[in-house]
Structure formats: C-alpha cells, structure tokens
Amino acid sequence: MLEEVERWFADRSWSAADRPLDQLLSAKRAAGTTVSVVLPALDEEETVGAIVEVIRRDLIDGLPVPLVDELVVVDSGSTDRTAEVAGKAGARVVHRDDILPRIPAVHGKGEVLWRSLLVTTGDIVCFVDADLRDFSSAFVSGIVGPLLTEPDVQFVKAMYDRPLGDSPGQGGRVTELVARPLLNLHWPQLAGFVQPLGGEYAVRRALLERLPFPVGYGVELGLLVDALHTVGLDALAQVDVGVRLHRHQDGQALGRMAAAIYRTAQLRLSRGHSPSYRWGYPHVRPELTQFERGPNGFVPRTHTVDTEERPPMAGVKEYSGRRVA
C-alpha cells in the first residue's frame, strides 16, 4: 500500500469493541446527533425480522436513551412477506414506489438507498443489508461509533470475515476479483478498505446528500470513490464487526454484479475521479452477455448493466422543500 494508506489504515481502522455503548450514548447526547438505520429489502422475509428485532432490543428499547432514533425498512418490490415481517418486528416500512412518486422507480439497490434519504431524518444514516444471518447489533453501533466520537470522520464502512459455506474467508468473490483490483489500480488511496463493497456503512447525511447514487450494484463502489473525491481519505474509516453471514448469489448473478461495478468505475474514470486518470478512457458497452444451457445447447442471455444514476439529493426540490417546511 501507499505510505499514506498505511498510515490511514493504522489511524482509521478500529474494532467495534473500541467504543463501548455507554461512550456512544454520552457522545450522542452531548452533540444532539440523531441516527437513522435503513434496511433495503427485497424478498428477505427469512432474515429481516430478526435484524429489526436485534436493533430494537439492543439499540432502541433496551436503552435509557436510544442510540438509533429511526429504523426504516425500504421494500423494493418484495413478493413475499418481507414488509409484514419487518413491520411486526418493529420497523417502519416504506415501499420504494411510494417515495418521490413523480420520478418512476427503477430496479436496483442504489435506487432504494437514494430514495431512503427522503423518508429518514437522522444526521447519520446507517445502511444495513437485510439478508444477514446471526446478526449482531455491533454492525450498527460499531460503524456509527466513529461518527459520534470523531468529528472529522464522515464515512465509515464495516469490515468482517466472509465465509463461503464451511470455508472461512472465501466470501466476497466480486470484491476480490473485480473491486479490489479496480481500486488498487485506479484509486490506490482506497486500497486499505477490507470490504469496499460491503452493504453495512454509516455516513453523515451532509455528505450523502451531496453524492450521486448509482442505481444498482455499483452503489457501494460509487459512493466510496465519490466520498474520497469529495472529502478526502482522512474523513473515511472502517470498523471490524466480526463475521458476516448472508445468502450467497450464484455465478451468473455475480457476473452481473461485476459488470455493474466495472461500469460504475468506468464512469468515474471518465470524469477524472482518479489520480491514475491521465488519458481518455475507451467506451465500454453497458451490456453483459451470459450463457445458460438449454435443451439444444447454450443460450445467450444479455443483460443491461446499470448506468443510470440519481443526482445528489440536495438538488431534489422535494428534499430541499422539506427543510423549509
């Protein structure tokens, strides 16, 4: 790693145990900071309820003063009982299509995260994937912690082990095969992030509302790169929260994810958001063809790679109008 990144890794990498809950509550009260937790969810009835229950038990109901002020599940079109289960567990459930209806929603995780800014109010927004198993509230308190205790920190990613079945450390295949090489080559300042594509991260709203959101799988890489470009490396941090267990996707889904992430990186390279950018970048066709075996041999299936992005929320009239109201 660059010498700058080695220093950053030593200074801006913590463990969730470094900040006990009472310390976080004291810092939160002193600053008057509010915290929103958002779970983007699509057909997650098997796991979303347990996650909501743990957050409510450990970080809301079980404390004299809640660490989490707002717990919202944004349903992005589930066909199962995700919304019902989340609501019964104690979350406020909002459907993606009911947020900012004048702009038709598109499919994608980034779309849901972007819209969630309109239905939350916290000074800190914490995103947590809804497919986690054996969930610990340290996933929330750990990454919120530096934002409550370190005024200069604006964006905190969770880091963790990702086992694949019985194989420790073998999860995160797209991270290792796509995202990490891209970051090391084009954004070497971000090479110190253990889980750059992880879905658990907390950000100050004042930063989030200034960033564009890729609508699909590229959202995590896009936000991280744009945060670096906007506030600099020292404003970014990461916290070790242990082990992350979740549903793993098949190879073709990972291929589509990889293509979207590459496209997100390519767009930022073309804008010059990289210290390695010194020349024009070739056009990349935003489509990915994969193959499935049918009765008569392999059948091509071409998928469009997410290219649309939503603008910074600060420029959306409904958002700015809410402040005036």
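Side chains are part of it too, since the values below use all heavy atoms of this structure and drop only hydrogens, waters and symmetry mates. In this chain, residues are counted from 1 in sequence order.
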Assess whether salt bridge (charged side-chain N to carboxylate O under 4.0 Å, His left out) is satisfied between E53 and R57, documenting all intermediate values. CA-CA 6 Å; E53 288 173 356; R57 181 195 68 206; over 6 Å; no
Pair K109, D129 - check side chain to side chain contact (heavy atoms under 4.5 Å, CB included), show working. CA-CA 10 Å; K109 179 183 180 182; D129 281 349; 2.7 Å; yes
Under the side chain to side chain contact (heavy atoms under 4.5 Å, CB included) rule, what do L118 and M313 come out as? Steps first, then yes or no, please. CA-CA 8 Å; L118 268 168; M313 187 60 80; 3.9 Å; yes
Working for side chain to side chain contact (heavy atoms under 4.5 Å, CB included), residues M159 and V241: CA-CA 6 Å; M159 55 178 169; V241 297; over 6 Å; no
Passes side chain to side chain contact (heavy atoms under 4.5 Å, CB included), V94 versus D75? Steps please. CA-CA 6 Å; V94 184; D75 188 342; over 6 Å; no
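Atom-to-atom distance recorded for L147:CG and I124:CD1 is 4.5 Å, nearest 0.5 angstrom. To the nearest 0.5 Å, atoms OG1 (T121) and CG (D69) are separated by 7.5 Å. One distance of note links CG of D234 with CD of Q154; it measures 11.5 Å at 0.5 Å rounding. Atoms CG and CD, from L197 and E220 in turn, are 7.0 Å apart once rounded to the nearest 0.5 Å. Interatomic distance, CG of D58 versus OG of S141, reported as 8.5 Å (0.5 Å rounding). Here the CD atom belonging to E200 is positioned 8.0 Å from the SG atom belonging to C126, to the nearest 0.5 angstrom.
Between the side chain of R204 and the backbone N or O of V125, no donor-acceptor pair lies under 3.5 Å. The closest donor-acceptor contact from the side chain of R115 to the backbone of I99 lies under 3.5 Å. Within the 3.5 Å criterion, the main-chain N or O of L236 finds a donor-acceptor partner in the side chain of W8. No donor-acceptor pair under 3.5 Å is formed between the side chain of T230 and the backbone N or O of A227. Although no hydrogens or angles enter the test, the distance criterion places no donor-acceptor pair under 3.5 Å between the side chain of T82 and the main chain of S78. A distance-only check finds a donor-acceptor pair linking the side chain of D18 to the backbone of S15 [under 3.5 Å]. With Q195 contributing its side chain and Y160 its backbone, the two residues share a donor-acceptor pair below 3.5 Å. Distance alone, capped at 3.5 Å, is enough to place a donor-acceptor pair between the N184 side chain and the R180 backbone. No donor-acceptor distance shorter than 3.5 angstrom exists from the side chain of R268 to the backbone of D226, with no hydrogens or angles considered. With R12 contributing its side chain and A237 its backbone, the two residues share no donor-acceptor pair below 3.5 Å.
The two atoms that bring G49 and A89 nearest to each other are O-CB, 3.5 Å, heavy atoms only. Across all their heavy atoms, A86 and V73 have their closest contact at CB-CG2, 3.9 Å. Among all heavy-atom pairs drawn from V194 and F9, the shortest one is CG2-CE1, 4.3 Å. The two residues L224 and P196 come nearest to each other via the heavy atoms CD2-CB, 3.9 Å. The two residues A206 and E209 have their closest heavy-atom pair at O-CG, 3.7 Å. Of all non-hydrogen atoms in A265 and L182, the two that sit nearest each other are CB-CD1, 3.9 Å.
Other residues, nucleotides and ligands contribute at most 12 non-hydrogen atoms within 6.0 Å of the CD atom of E46.
Using a 4.0 Å cut-off between a side-chain N of Lys or Arg and a carboxylate O of Asp or Glu, R56 and D61 qualify as a salt bridge. Salt-bridge annotation for R322 and E318: absent, with no side-chain N of the basic residue lying under 4.0 Å from a carboxylate O of the acidic one. With respect to the salt-bridge test (charged N to carboxylate O, under 4.0 angstrom), the residues R96 and E111 do not qualify.
Two residues are said to be in side-chain contact when any heavy atoms from C-beta on lie closer than 4.5 Å; S116 and F127 meet this criterion. Contact check for E308 versus V106: side-chain heavy atoms found under the 4.5 Å cut-off. Counting heavy atoms from C-beta outward, I60 and L67 have side chains that stay 4.5 Å or more apart. Side-chain contact between W114 and V215 is absent, with no heavy atoms from C-beta onward closer than 4.5 Å. Looking at heavy atoms from C-beta onward, E84 lies out of side-chain contact with V93 at the 4.5 angstrom threshold. Put simply, the side chain of V156 does not reach to within 4.5 Å of the side chain of W14, judged on heavy atoms. With a 4.5 Å cut-off on side-chain heavy atoms, V225 and T264 do not count as touching. Contact of the V144 side chain with the F139 side chain is not registered, since no non-hydrogen atoms from C-beta on lie closer than 4.5 Å.
Between F193 and W187, the ring centre distance reaches or exceeds 6.0 Å.
The hydrophobic clustering, which links ILVMFWY residues whose side-chain heavy atoms are closer than 4.5 Å, places L183 and L2 together. Residues L267 and V219 fall into different hydrophobic clusters, defined by Ile, Leu, Val, Met, Phe, Trp and Tyr side chains chained together at heavy-atom separations under 4.5 Å.
Among D123, T120, T34, the single residue meeting the side chain to side chain donor-acceptor pair (under 3.5 Å) criterion with R205 is T120.
Residues satisfying the side chain to side chain donor-acceptor pair (under 3.5 Å) test with S13, not counting sequence neighbours, are Q238.
In this pair, F155 and Y201 present their aromatic rings parallel. The plane angle is below 30°, not in the 30 to 60° band.
Counted by atom type alone, D131 and T47 present zero donor-acceptor pairs between their side chains at under 3.5 Å.
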Result block: side-chain N/O donor-acceptor pairs under 3.5 angstrom for residues 35-42, not counting sequence neighbours:
unit_1 : atom_1 : unit_2 : atom_2 : d
S36    : OG     : E70    : OE1    : 2.5
S36    : OG     : G122   : N      : 2.8

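Applying the salt bridge (Lys or Arg N to Asp or Glu O under 4.0 Å) test to every pair with at least one member in residues 137-156, sequence neighbours left out, gives these pairs: R19-E150.
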